[in-house]
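Per chain, numbering begins at 1; letters A, B, ... match sequence-line order. Being a predicted model, the structure only gives us computed values, none of them experimental. Just so it is clear, the values below take in all heavy atoms, side chains as well, and ignore hydrogens, waters and symmetry mates.
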Protein chains: 2
Amino acid sequence: MDQKKITIQDIAECANVSKSTVSRVLNNTTPVDGKKREAVLKAVKDLNFEPNSFASGLAGGNSMIIGVQTQKIGSSFYDLVTQGVIHCLTGTRYSPILVDGVWDKEIELKGIDTLLRRQVDGLIIIGGDIDKKHLIRLAEKKPILLVGREVEGLQDRCLYVDNFDIGYQATKFLIELGHRAIVHITGIKSHQDSVRRLNGYLHALDEAKIPYDKGLVFEGAFDGPSGVEAIDTILGRGKKFTAVFAANDMSAFGARLALYRNGIDVPGEVSLIGIDDQTEATYMTPPMTSVRQPAFKMGVTAGNAMLDLLKHKEIELPKQSVQISVRESTAKAPL
Amino acid sequence: MDQKKITIQDIAECANVSKSTVSRVLNNTTPVDGKKREAVLKAVKDLNFEPNSFASGLAGGNSMIIGVQTQKIGSSFYDLVTQGVIHCLTGTRYSPILVDGVWDKEIELKGIDTLLRRQVDGLIIIGGDIDKKHLIRLAEKKPILLVGREVEGLQDRCLYVDNFDIGYQATKFLIELGHRAIVHITGIKSHQDSVRRLNGYLHALDEAKIPYDKGLVFEGAFDGPSGVEAIDTILGRGKKFTAVFAANDMSAFGARLALYRNGIDVPGEVSLIGIDDQTEATYMTPPMTSVRQPAFKMGVTAGNAMLDLLKHKEIELPKQSVQISVRESTAKAPL
DNA sequence: TATATTTATGAAAGCGGTTTCAAGCGTCTG
DNA sequence: CAGACGCTTGAAACCGCTTTCATAAATATA
């Protein structure tokens, strides 16, 4: 299988120079005589030389790898951020290595270990559940960036949207359409995002002097089935409502299905709004209103910030603002 | 930032043994006296030692990295396969490094280069467009596995579903429901998958003695907008039809929206079937029928096969079969 | 022209592990 | 009891590249 690997030494011999010179040409670290430079480049091409990044990593001290930890490949928000990071790194000398936490703290921690062992130069962690303390300790060793998460003591390394505001905006949007009985399907309650969104919801109600009805809130799990269950449960409680605010699009999709099953018209009888604005929201019938987080952009921003961090530049992470993609699943409250 | 890294040498000193012994303990390559073994392990724990995988990669000759190339993070089929691979590798000593081809041949090739440079021990390529020749050359150097792609000369390294059969089954399913005017929204025509699915469609028509009407076929792009465009275009041609078979779910979603916009009832007037059975299909209104490819399982299979390949075992890649997830977007043809 | 300064280059010393090799030691065998 | 054998162990070589350091050559300065 493996024909013998060609090394920098081979190139050196072929071009009649020393290893050092080859290295210098390849990395542009020191000027090298034109002729020799040419010769080296030619040899590289001829022999189809591919530097061993382990060797250079070892010798040079930096791996040119950015570790990226996502929470779940296949989940809209995380995927978009990841894409953003990768997009931003493409074309630079850095490449990302990805680990998936699959929503599991244990696996998440192991993933981080793997990344450290791989000598990543920097770490971008998207969401997740790792302890604040642990993160701070990590931050002492490596440049680290947290996306979609706000951690005290690491504020200047966090890039996140204001989840309270998301909850508030979404709810306010519905209230302004005249809705007063608004269901909220929350996310996983251990997630700080979920809690913040819920608080935003509560605040908007409060502001509009709408009394809080516990029976209109259902603890979901950011997925389709829990959206279905939410509607069925709340209907089962005999509650009346004219709007549903789901903590993400997947649970909104679930809610949509349950409403359909129960013969409830959207938006005629009930308005529906989700969060994430994932691609599919556009293709629901009717197209679904959703709060859009600038996920891809956040990924790019994080990637660039990491690049700056690695150049020891100062970075500044702007607070991300959200906007509502208004479509047709929301309408004025029925009389 | 970086406090001084601890190396195997530090462990050796702390445990009063030689580097060699430490290495042996860590890798279980040679029996080591109980006491020393303990001492080493303790030192590792105390000093919180993390082996530098660059060094071991360099010295040992294998990187314990599997390179995975996907075509588009965020795309259902690719994501699922990727998840499968990652899932299968989790807990082994191998870790995956992911590159995204973003549907672009150039970027795809660069991605492969990156992986090679990183000394991956094996390569799993999901889909994509890289030349047969190039792949064969790669296969001479590294264990390679192709998922969702069939390449002559590398048959025993390919794990794919029979796309012709998918097209055939989907179409036949519609025909058996009594449909005769069946629209097909194809995938990107340069993709072999698209062509095979189209051929399956044609074959099913032929078998049922339904004359082929070119006007019912639209070249799509595997995405939502092209699904919308397809329906609008075909409607614009003044064509009548009672069923739509889209080459993937995203384009089916697009078609669904266009039908809705045109006031055409699904499945009352038109039946709709997609391919991929992505999660959201379940939550369309009505829930959408789709051909399910065992994507996650394929990822796992590929991962395991790679592990075997690396142990120099023989591998066998079974042909993957598909099944139709029948939901409510398909019904008997109207009279 | 002699001396100081700059520049290109090669030799060699790492980087942090793994692995070969040979030595040291205890045990087994004839 | 000597020699053979098997185990554990440390020293040292090595993996392929970067980088420091010293040298030689070229250029500038006096």
With a 3.5 Å cut-off and just heavy-atom distances, do the side chain of B:Lys19 and the base of C:dG16 make a donor-acceptor pair?
no
Can you tell me the distance, in whole Å, between the [atom1] atom of [X] and the [atom2] atom of [N]?
X: A:Asn16; N: C:dG10; atom1: CG; atom2: P; answer: 9 Å
X: A:Leu47; N: D:dG16; atom1: CG; atom2: P; answer: 15 Å
X: B:Gln9; N: D:dG10; atom1: CD; atom2: P; answer: 12 Å
X: A:Asn52; N: D:dC15; atom1: CG; atom2: P; answer: 12 Å
X: B:Asn62; N: C:dG17; atom1: CG; atom2: P; answer: 16 Å
X: A:Lys5; N: D:dC17; atom1: NZ; atom2: C1'; answer: 14 Å

Looking at B:Lys72 and B:Asp79, does any basic side-chain N land under 4.0 Å from a carboxylate oxygen?
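No, no charged N to carboxylate O under 4.0 Å.
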So how far is it from B:Ser75 OG to B:Ile126 CD1, rounded to the nearest 0.5 Å?
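The CD1 atom of B:Ile126 is 10.5 Å from OG of B:Ser75, to the nearest 0.5 Å.
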Rounded distance (nearest 0.5 Å) linking atom CZ of B:Arg93 with atom CG of B:Leu307:
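That separation rounds to 11.5 Å.
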Whether B:Ser56 contacts C:dG17 is assessed here as follows: a side-chain N or O lying under 4.0 Å from the phosphate OP1 or OP2. Is that the case?
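No, B:Ser56 has no side-chain N/O under 4.0 Å of OP1/OP2 on C:dG17.
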Once the angle between the rings of A:Phe296 and A:His87 is folded into 0 to 90°, is it parallel (under 30°), tilted (30 to 60°) or perpendicular (over 60°)?
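The rings of A:Phe296 and A:His87 sit tilted, inter-plane angle from 30° to 60°.
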What class does the angle between the rings of A:Tyr78 and A:Trp103 fall in, given that below 30° is parallel, 30 to 60° is tilted and above 60° is perpendicular?
perpendicular
So, A:Asp100 side chain and A:Val102 main chain: donor-acceptor pair closer than 3.5 Å or not?
yes
Pull out every residue in residues 20-44 of chain B that has a heavy atom closer than 4.0 Å to any atom of DNA chain C, ordered by number, or say none.
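Correct list: B:Ser20, B:Ser23, B:Arg24, B:Asn27.
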